[in-house]
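Chain identifiers are assigned alphabetically (A, B, ...) following the order of the sequence lines, protein sequences preceding nucleic acid strands; residue numbering begins at 1 within each chain.
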There are 2 protein chains.
Amino acid sequence: MSRTAFSTAADGRVVALCGGIGGAKLALGLSRVVPSDRLTIIVNTGDDFRHFGLHVSPDIDTVTYTLAGRSNRDSGWGRDGESWRFMEAVKELGGESWFGLGDTDLATKAVRTQRLAQGARLTEITGEIARALGVGCTILPATDDAVATIVDTDEGALPFQHYFVGRRWQPRIRALRFDGAERTRPTREALAALSAEPLAALVICPSNPYLSIDPMLAIPSLRAAIRAVRAPVVAVSPLVGGKAVKGPLAKMIGELGHAATLQTIADHYADFLDILIADEADSGAAVTGPKTLFAPTLMHGLEQSVALARTVLAAADAHAADAKS
Amino acid sequence: MSRTAFSTAADGRVVALCGGIGGAKLALGLSRVVPSDRLTIIVNTGDDFRHFGLHVSPDIDTVTYTLAGRSNRDSGWGRDGESWRFMEAVKELGGESWFGLGDTDLATKAVRTQRLAQGARLTEITGEIARALGVGCTILPATDDAVATIVDTDEGALPFQHYFVGRRWQPRIRALRFDGAERTRPTREALAALSAEPLAALVICPSNPYLSIDPMLAIPSLRAAIRAVRAPVVAVSPLVGGKAVKGPLAKMIGELGHAATLQTIADHYADFLDILIADEADSGAAVTGPKTLFAPTLMHGLEQSVALARTVLAAADAHAADAKS
């Protein structure tokens, strides 16, 4: 069977855990390789917040726009062909302008807010918006409940967006907590996706483990479901040569008392990880724990996203084949 | 003293009660004749509602944009130079598109919603937005509380905007009620404006008495304050030749069992009205109750708004002079 087509687990399903920009690039690649009805992207909602009264789900929207081919490829977030008249008018009124909301992006937030007020679940709404924009695969929030990432910093406890966007991740981090996670249940759809048989692979996208993946892992029964997955679990390292491709990961790893190494990533996912895919720039680095493979992981366009998706799935297939033999 | 300048009551204050489009045109005229620090426009909030999670105050925004010289002069509502990318994106998502929200108009709603969430009063926020857009006089909501106009129709009870915009005022009206008005207090600012001394005139703008003025009059202590005003109370008739200049007034007067005549307007305000200014098209019509004057009342531009404002103030001055002599 050719590696250019979806393989071994040709009948299997693929689930990916994903944050925003970096993770979404791999999700895009997966969406071009795995048939739509077999791919589920479970997305972080720890960054969600209310702004101007609107329910903002940054990672869900980034994944949705990216998979719909409607993302702003320069910034990685927001929509393509966006206009900013709303923000200009907010500034004229002296309103808060630290969080950018484009005119068309606002519509996603507004429709979500209205559907929530009507009693719809975030899971349903996420599906409605994704379908309206032409996304074929399933995008799921990890939970329909509120789980708010709070960043304890040397400037005090900051809600995630105030730390990340408002303060441009400059305050020094002491700890992260995920308010509400302990009491939260994942959605039945997320649990069903993780327990689907046959599952070909569970993919941890190259998102920030602390900010994007941990809010999901902090939900006890979601973490238990991930640990119970029998299919290969493959993570792509968000660190390349000890640095983050984008964002605060390398800075915050140090602040949290860890080294910016592949071993730190492997250890972080130690209780369920089978395979770590690291960038070829790190070739030869010794990692204890998961099987470690080196491959190009930088995704500057669709072609590289698809290539990395194929690498991930091939590694899962090989692992599954090894396990059987 | 020339009638081209603010007059007798040159030291007096002017208060106007106002709804949306038609009323705002007279408010604009008043704002060009009365010094800013002596003019207060008290605006209907019965049409206010939440849409997409945002606090929409249609009449306050219409008055604010009109007085700021920023209104859309073609439609009478919304802002000039508006763009509609948000609405287009809402439609693409299958969201509710029956209520038009322009990209820049949205900013007003968003900033208001955020300030309310921060605990600010609608009165404060209305002032902040008006000042940011360059309005000099004081624009006040009648109350900071929720008073919702409910339209009982042959299709059932409809929230105001669903009746007015969603159903284009086609359902037959049986009655109007103002949910919450009985339990509501006007703001201290509105009461202070009405009891200011010396007050030169209280102006009832040519707004729909049932939809725009009654939600304010339904607040018991506001109506009491209006009845206690010793300055001349001058209303401009919204009916011209038995027809509404715009909107559903003539249709709903019939549905409510009244005749579309000046007498109906005079009777509606009977407990406090001194002077009714009616259009010259109705010259000679006999009206029992208030002193009735006939003058051009159609306002197609600033010049006519200013002329009508001068007519209104001159009538108040003459009435006050008569009362003294």
Side-chain angles (χ1 to χ4, degrees), chain A residues 49-57 60-61 64-65 68 70 78-118 120 124-135 161, chain B residues 49-57 60-61 64-65 68 70 78-118 120 124-135 161:
Chain A
F49 74 126
R50 287 256 168 185
H51 195 45
F52 297 125
L54 300 171
H55 188 103
V56 180
S57 295
I60 287 177
D61 288 345
T64 302
Y65 296 156
R70 304 283 288 270
R79 289 179 61 158
D80 61 349
E82 189 57 284
S83 58
W84 300 93
R85 298 205 67 212
F86 168 80
M87 288 304 301
E88 290 159 15
V90 164
K91 284 178 197 162
E92 183 185 9
L93 294 177
E96 291 188 19
S97 58
W98 59 271
F99 190 84
L101 285 169
D103 298 332
T104 68
D105 186 26
L106 262 177
T108 308
K109 279 65 174 168
V111 168
R112 173 183 299 122
T113 305
Q114 184 149 55
R115 294 284 292 124
L116 285 170
Q118 290 167 348
E124 299 171 81
I125 301 163
T126 300
E128 291 165 2
I129 292 171
R131 282 191 296 278
L133 294 178
V135 175
Q161 295 295 349
Chain B
F49 74 126
R50 286 257 167 184
H51 195 45
F52 298 124
L54 300 171
H55 188 103
V56 179
S57 295
I60 287 176
D61 288 346
T64 302
Y65 297 156
R70 304 283 287 271
R79 288 178 61 157
D80 60 349
E82 188 58 283
S83 58
W84 299 94
R85 300 206 65 213
F86 169 79
M87 287 305 299
E88 291 160 15
V90 165
K91 284 178 197 162
E92 183 186 9
L93 294 177
E96 292 187 19
S97 58
W98 59 271
F99 191 84
L101 285 168
D103 298 332
T104 67
D105 185 27
L106 262 177
T108 308
K109 278 67 176 169
V111 168
R112 173 184 299 123
T113 305
Q114 184 149 55
R115 294 285 292 123
L116 284 170
Q118 290 167 348
E124 299 171 82
I125 302 163
T126 300
E128 292 165 2
I129 292 171
R131 282 191 296 277
L133 294 178
V135 175
Q161 293 296 348

- Query: With a 4.0 Å cut-off, would you call A:E92 and B:R79 a salt bridge?
  - Reply: yes
- Check each atom of A:R131 against the heavy atoms of chain B and say whether the ones under 4.5 Å are side chain, backbone, both or neither. neither
- Note on the structure: Most heavy-atom pairs under 4.5 Å with chain B, out of A:H51, A:E128, A:E88, belong to A:H51
- Check whether B:E82 gets within reach of chain A through its side chain, its backbone, both or neither, counting any heavy atom under 4.5 Å. both
- Message: Please identify, among A:L101, A:L133, A:L93, A:L116, the residue contributing the most non-hydrogen atom pairs under 4.5 Å to chain B.
- Response: A:L93
- Members of residues 103-113 of chain B whose heavy atoms come closer than 4.5 Å to chain A: B:D103, B:T104, B:L106, B:A107, B:T108, B:A110, B:V111, B:T113
- Query: CZ of A:R115 to CD of B:E96: how many Å apart, nearest 0.5 Å?
  - Reply: 9.5 Å
